[in-house]
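The next block holds one structure in the form of structure tokens; read it before the comments.
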Amino acid sequence: MSKSLPSRADNYSEWYNELVKRADLAENSAVRGCMIIKPYGYSIWEKMQRALDDMFKETGHSNAYFPLFIPKSFLSKEASHVEGFAKECAVVTHYRLKNDPNGGGVIVDPDAKLEEELIVRPTSETVIWSSYKNWIQSYRDLPLLINQWANVVRWEMRTRLFLRTAEFLWQEGHTAHATKQEAIEETEQMLEVYAEFAETFMAMPVLKGIKTANERFAGADETYCIEAMMQDGKALQAGTSHFLGQNFAKAFDVKFVNKENQLDYVWGTSWGVSTRLVGALIMAHSDDQGLVLPPKLAPIQVVIVPIYKGDEQLENIKARINPLVKALKKRGVSVKFDFTDNQSPGFKFAEYELKGVPIRLAIGNRDMENGTIELARRDTREKTSMPFEGIEDVIVDTLEDIQRNIYQKAFDFRAANTFEVNSWDEFTAKIEDGGFLSAHWDGSSETEEKIKELTKATIRCIPLDAKEEAGKCILTGAPSSRRVIFARAY
RNA sequence: CGGGGUGUAGCGUAGCCCGGUAUCGCGCUUGGUUUGGGACCAAGAGGUCGUAGGUUCGAAUCCUGCCACCCCGACCA
């Protein structure tokens, strides 16, 4: 194994794949397309979960759990929903194995065929709405605000660790409301929650917008999304929030009596983010030395590496460092004091850089004599010798500064790679370099398809803050009233 | 599903054309010396050469089937 990563400039996707493996985040499993999330990778996901879960609770949602299996008949109740997912479903057909009479292990017992096949959930709208039918009778039962943390399976042709896997972990919120207005507000609120999470915790600026009809969730009336820009200029959909209208209520016959004693279908939303966010996090900030993690999501925020000769020096260093570790933990900073002697300090430096630990402190005999400590920050890779006295405050401030700095860096990168284009020539030339292209579009699915076919660029979203502006579609020249964002996407 | 490629120790590989029981590096174990940017020395352990069959005195090597994976395309909320 060579010591350094492939560089982003040489081969971005190889850099990504290698980084995921080397940083010990995840690996491929024996099952095609399914990944094993290793402890370090999982701890990042856990940090994400905790922050998101708090935000969901804060906005009034409760967690629940629905089954992994969906009766086949459920899936077909909402026509466009089944159409959207049918091609990528894993199906359970039998419930028993038996010994192979010809030897050679076990075989599926043909006598154990299920009456009705079960689909491994690709998303849970259908099971959940079939329960909501029983849960909702009156406007007093509404709104119903449920979230679940679960795994889902979508049999993708081509997979990549975290970004697109056949099985992935996610949360899916499913809410029911008495009015259309309230459901739309919920959809928008959750988009806002996602955007805030992405920007404050992941330090990743996102574009909020609405999907075109082509890109809309199967079964939704409107799909809202947050789109982020990766360092290669490609777009990544980081989260979606769907206004389901009354589609699932009608498909599953979920009615309620309103205040005026009239029977009506409820209005629904669903919204989700997945382990894909871990992939987004990696691609948004990391560099050729390895991961760069935002302090708010880093499993280890500070690592302390002692440099010593002999037990006596180590004991002296421990005596100085242990109180610092204690004090930092008390302030909510996660610290690792790595005094193992299996590896040289140089090895540890490289290792913790690869793993994206935001701050590294090094302390050796020289520092012990001078009353100093060396602080290295991962984002800028700057090393500074500092007085040991007062280092605790410096660390806390620096963590905040790193969080700010990597957000700003990502923000500036996106700004530098977002362009307004006004002609087809300009569009086709510019799209080759990646980035977001803000351009006019005539609003038709045919044009959108055509552009995708010609350039591989898709409409990522119609930004929520898009200004009214008269213009001409870059492909057809037909009139348009606002710009949309095009990009090549993951 | 089309086109191309690859399967050899935990990982990365040499050997294959031209058949003689497998090379090197990393990692691992033990001991010692080291430690301010991926330490060094010594001694070790570790292999159904993807799989099934065929050719042969003899197969990692040649032939055939199968399987898996990777890349390109198709596909992808």
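Throughout, a chain's letter reflects where its sequence line sits, starting with A, and its residues are numbered from 1.
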Could you name each residue pair satisfying salt bridge (Lys or Arg N to Asp or Glu O under 4.0 Å) that touches residues 336-346 of chain A, not counting sequence neighbours?
-> A:Asp338-A:Lys348

Got a sec, which pairs hit salt bridge (Lys or Arg N to Asp or Glu O under 4.0 Å) with one end in residues 206-221 of chain A, sequence neighbours left out?
-> A:Glu192-A:Lys208, A:Lys211-A:Glu227, A:Arg216-A:Glu222

Between [N] atom [atom2] and [X] atom [atom1], what is the distance in whole Å?
X	N	atom1	atom2	answer
A:Ile373	B:G36	CD1	C1'	13 Å
A:Arg360	B:G37	CZ	C1'	8 Å
A:Tyr12	B:C71	OH	P	17 Å
A:Asp24	B:G10	CG	P	18 Å
A:Glu18	B:C11	CD	C1'	11 Å
A:Glu353	B:G37	CD	P	12 Å
A:Arg22	B:G12	CZ	C1'	11 Å
A:Glu369	B:G36	CD	P	16 Å

With distance as the sole criterion, do the side chain of A:Lys383 and the base of B:G36 form a donor-acceptor contact below 3.5 Å?
-> no

Test for a donor-acceptor pair under 3.5 Å between the base of B:G36 and the side chain of A:Asp367, counting only N and O atoms.
-> yes

Taking atom [atom1] in both [N] and [M], what distance in whole Å separates the two?
N	M	atom1	value
B:G44	B:U8	P	27 Å
B:G5	B:A52	C1'	22 Å
B:A60	B:C70	P	28 Å
B:A9	B:C18	C1'	27 Å
B:G20	B:C26	P	28 Å
B:G25	B:U34	P	26 Å
B:C40	B:G36	P	12 Å
B:A45	B:C28	C1'	8 Å

side-chain contact (heavy atoms from CB on, under 4.5 Å) involving [X] - partner list, sequence neighbours excluded:
X	answer
A:Ser124	A:Arg121, A:Val127, A:Ile128, A:Gln148, A:Glu172, A:His174
A:Lys409	none
A:Pro6	A:Glu14, A:Glu18
A:Glu446	A:Ser444

Looking only at the side chains, is there a donor atom on one of [X] and [Y] sitting less than 3.5 Å from an acceptor on the other?
X	Y	value
A:Glu167	A:Thr165	no
A:Glu448	A:Thr212	yes
A:Tyr490	A:Asp232	yes

Residue pairs, two or more places apart or on separate chains, that pass ring-ring contact (aromatic ring centres under 6.0 Å, His included) and touch residues 219-244 of chain A | A:Phe217-A:His242

Name all pairs fulfilling the ring-ring contact (aromatic ring centres under 6.0 Å, His included) condition that reach into residues 147-167 of chain A, sequence neighbours left out, sorted by first residue then second.
-> A:Trp45-A:Trp149

Within 45° of the axis and under 6.0 Å from the centre of the six-membered ring of A:Tyr352, does NZ or CZ of A:Lys355 qualify?
-> no

Nucleic acid contacts of residues 340-351 of chain A, taken as heavy-atom distances under 4.0 Å to RNA chain B | A:Ser344, A:Pro345, A:Gly346, A:Phe347, A:Phe349, A:Ala350, A:Glu351

Looking for any heavy atom pair under 4.0 Å, which part of the strands does A:Lys21 touch: base, sugar-phosphate only, or nothing?
-> nothing

With heavy atoms under 4.0 Å as the rule, sort A:Asn28 into base, sugar-phosphate or nothing.
-> nothing

Identify each atom pair where a protein N or O and an N or O of nucleotides 73-77 of chain B are less than 3.5 Å apart, giving names and distance.
{"residue": "B:C76", "atom": "O2'", "partner": "A:Glu156", "partner atom": "OE1", "Å": "3.2"}
{"residue": "B:C76", "atom": "O2", "partner": "A:Arg164", "partner atom": "NE", "Å": "3.2"}
{"residue": "B:C76", "atom": "O2", "partner": "A:Arg164", "partner atom": "NH1", "Å": "3.1"}
{"residue": "B:C76", "atom": "O2", "partner": "A:Arg164", "partner atom": "NH2", "Å": "3.2"}
{"residue": "B:A77", "atom": "O2'", "partner": "A:Arg154", "partner atom": "NH1", "Å": "3.4"}
{"residue": "B:A77", "atom": "N7", "partner": "A:Arg216", "partner atom": "O", "Å": "2.8"}
{"residue": "B:A77", "atom": "N1", "partner": "A:Gly84", "partner atom": "O", "Å": "3.3"}

Annotated structure of RNA chain B as dot-bracket, pair cut-off 3.5 Å, Watson-Crick or G-U only, | for inter-strand, is (((((((..(((.......[...))).((((((.....)))))).....(((((..]....))))))))))))....

What residues, two or more places apart in sequence or in another chain, satisfy ring-ring contact (aromatic ring centres under 6.0 Å, His included) together with A:Phe56?
-> A:Trp271

